[in-house]
Student: 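Can you keep this structure in mind? I'll have questions shortly.
As a basis for the values below, the full set of heavy atoms in this structure was taken, side chains included, without hydrogen atoms, waters or symmetry mates. Predicted, not measured: the structure shown is a model, and the values here were computed from it. In what follows, residues are counted from 1 in the order of the sequence shown.
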Amino acid sequence: MKPLLDVLIILDALEKEGSFAAASAKLYKTPSALSYTIHKLESDLNIQLLDRSGHRAKFTRTGQMLLEKGREVLHSVRELEQQAVKLNEGWENALVISVDDTFPFSLLTPLIDTFCQQYGVTRLTFVRGEPENPWERLMQGSADIVVGALGTPPSLSGYAFAPLGELEQVFVVAPQHPLAQEPEPLSRRILKRHRAVVVGEPHASATSAHRQRLDDQQAITVFDYKTKLELQLSGLACGYIPRYMAHRLLETGALVAKKVSPEQVLDPAWIGWNEQAAGLASAWWRESILANSAIAKVYQKSGD
């Protein structure tokens with residue numbers, strides 16, 4: 001296999017540089033050494049890679065095919081070399097990041113771009129967090145990092161958590177919804193008369209505002225905030241939405257914010273990770289998310 005790899009490297013350099021002399025200078029070998037390596041493979045496989053009948057050697061059809069396919073092999077080999085070095089340095093082969101539905105995923109795009117350019121040997125997988133239990137994927141080992149999870153982290157050894165801040169939730173309805181005309185603050189007695197919409201299990205014992213107790217209130221349960229928002233825009237239901245999601249809709253009048261009594265609008269948000277399995281990629285993502293100014297603007301800090 002090694003002689004073949006050597007020939008692939010030589011053919012790649014020969015095509016790019018245009019001559020044996022230039023290719024030999026690039027590879028720090030003599031032209032005769034390059035020519036001998038190619039000739040030996042031709043002899044061993046009984047094939048012809050170069051047509052040497054003219055002033056300058058030209059690729060035969062077989063040589064051209066080997067050049068094109070060989071570049072794919074060289075690319076894979078170089079990636080494998082880089083991956084081996086990175087893994088030896090402590091970079092993970094793969095990293096699974098669970099992102100809560102309330103987290104602004106678009107703000108991760110610049111981080112993904114930077115990470116892939118600098119540390120592309122680690123394969124990234126993003127999954128949606130479980131609404132009923134935002135820590136479940138981390139506890140089960142199906143995610144290495146959890147981002148934007150709401151509620152109090154579990155007290156378990158081997159896992160670490162850092163606060164992102166507090167996510168502000170705002171109670172909103174469409175202008176045509178009956179609650180839009182109700183005097184503020186809205187009481188629980190008034191809210192019970194109207195249909196709510198929640199993400200995930202409505203009776204989950206979570207602490208977030210958008211999962212207020214609904215034992216005695218009609219509710220629609222949906223699978224994500226995009227769907228929840230659509231139902232509230234249609235006037236079919238009411239409920240809490242993260243303020244950053246509702247900001248533009250409130251400005252345009254597509255939604256109306258209403259004060260509720262008792263008011264509960266701030267949800268602690270966290271990033272958590274498995275300390276025992278964390279490598280350099282996990283550390284890079286944790287540090288980058290916690291230091292990101294755009295993400296920090298979404299989450300209020302205590303005392304702000």
Student: Given salt bridge (charged side-chain N to carboxylate O under 4.0 Å, His left out), test Arg193 with Glu182 step by step and report yes or no.
Tutor: CA-CA 12 Å; Arg193 301 174 186 172; Glu182 286 285 343; 5.3 Å; no

Student: Following the transitive rule for hydrophobic clusters with a side-chain heavy-atom cut-off under 4.5 Å over Ile, Leu, Val, Met, Phe, Trp and Tyr, establish whether Leu95 and Leu107 coincide in one cluster.
Tutor: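 Yes: a chain of side-chain contacts under 4.5 Å links Leu95 to Leu107.
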
Student: Step by step, work out the side chain to side chain contact (heavy atoms under 4.5 Å, CB included) result for Val172 and Val256.
Tutor: CA-CA 5 Å; Val172 295; Val256 177; over 6 Å; no

Student: Where is the tightest heavy-atom contact between Ile9 and Leu74, given as atom of each residue plus distance?
Tutor: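 Taking every non-hydrogen atom into account, CG1-CD2, 3.7 Å.
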
Student: Does one hydrophobic cluster hold both Val96 and Val99, with members joined at side-chain heavy-atom distances below 4.5 Å?
Tutor: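 As far as the 4.5 Å side-chain criterion goes, Val99 and Val96 are not connected within one cluster.
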
Student: Do the side chains of Lys58 and Glu15 get close enough for a salt bridge, i.e. N-O under 4.0 angstrom?
Tutor: no

Student: Applying side chain to side chain contact (heavy atoms under 4.5 Å, CB included) to Gln232 and His177, what does each step give before you reach the verdict?
Tutor: CA-CA 9 Å; Gln232 292 187 222; His177 193 280; over 6 Å; no

Student: Decide, yes or no, whether a salt bridge links Lys40 with Asp44 under the criterion of side-chain N to carboxylate O below 4.0 Å.
Tutor: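 A salt bridge links Lys40 with Asp44.
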
Student: Are any side-chain N or O atoms of Gln300 and backbone N or O atoms of Leu167, one a donor and one an acceptor, separated by less than 3.5 Å?
Tutor: no

Student: Run Arg286 and Ser282 through side-chain hydrogen bond (donor to acceptor under 3.5 Å, both in side chains) and show every step you take.
Tutor: CA-CA 6 Å; Arg286 298 190 317 260; Ser282 175; 2.9 Å; yes

Student: Taking C-beta and beyond as the side chain, do Leu66 and Leu8 meet within less than 4.5 Å on heavy atoms?
Tutor: yes

Student: With a 4.0 Å cut-off on N to O distance, would you call Arg137 and Glu130 a salt bridge?
Tutor: yes

Student: Between Lys228 (side chain only) and Ile241 (backbone N and O only), is there a donor and an acceptor less than 3.5 Å apart?
Tutor: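 Absent.
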
Student: Donor-acceptor pair, Gln176 side chain versus Ser234 backbone, under 3.5 Å?
Tutor: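 Yes, the answer is positive, given that a donor and an acceptor are paired below the 3.5 Å cut-off.
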
Student: Using a strict threshold of under 4.0 Å (side-chain N to carboxylate O), is an ion pair present between Arg243 and Glu168?
Tutor: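 Between Arg243 and Glu168 there is a salt bridge, with a charged N closer than 4.0 Å to a carboxylate O.
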
Student: Before we go on, tell me: are the rings of Tyr119 and Trp285 under 6.0 Å apart, centre to centre?
Tutor: no

Student: Would Phe161 end up clustered with Ile289 when hydrophobic side chains under 4.5 Å apart are linked, directly or stepwise?
Tutor: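 No, Phe161 and Ile289 fall in different hydrophobic clusters.
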
Student: Side chains of Asn292 and Leu108: does their closest heavy-atom pair fall under 4.5 Å?
Tutor: no

Student: Is the side chain of Trp270 donor-acceptor paired with the backbone N or O of Gly151 at a distance under 3.5 Å, no angle test?
Tutor: yes

Student: Parallel under 30°, tilted from 30 to 60°, perpendicular over 60°: which one fits the rings of Phe171 and Tyr240?
Tutor: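 Phe171 and Tyr240: perpendicular rings.
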
Student: Answer yes or no: is there a side-chain heavy-atom contact under 4.5 Å between Leu14 and Leu34?
Tutor: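 With C-beta onward as the side chain, the pair stays apart.
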
Student: Mind checking whether Phe126 and Phe105 have parallel, tilted or perpendicular rings, split at 30° and 60°?
Tutor: perpendicular

Student: Not counting sequence neighbours, which residues clear salt bridge (Lys or Arg N to Asp or Glu O under 4.0 Å) with Asp144? List them please.
Tutor: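 Scan of Asp144 (salt bridge (Lys or Arg N to Asp or Glu O under 4.0 Å), adjacent residues dropped) gives none.
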
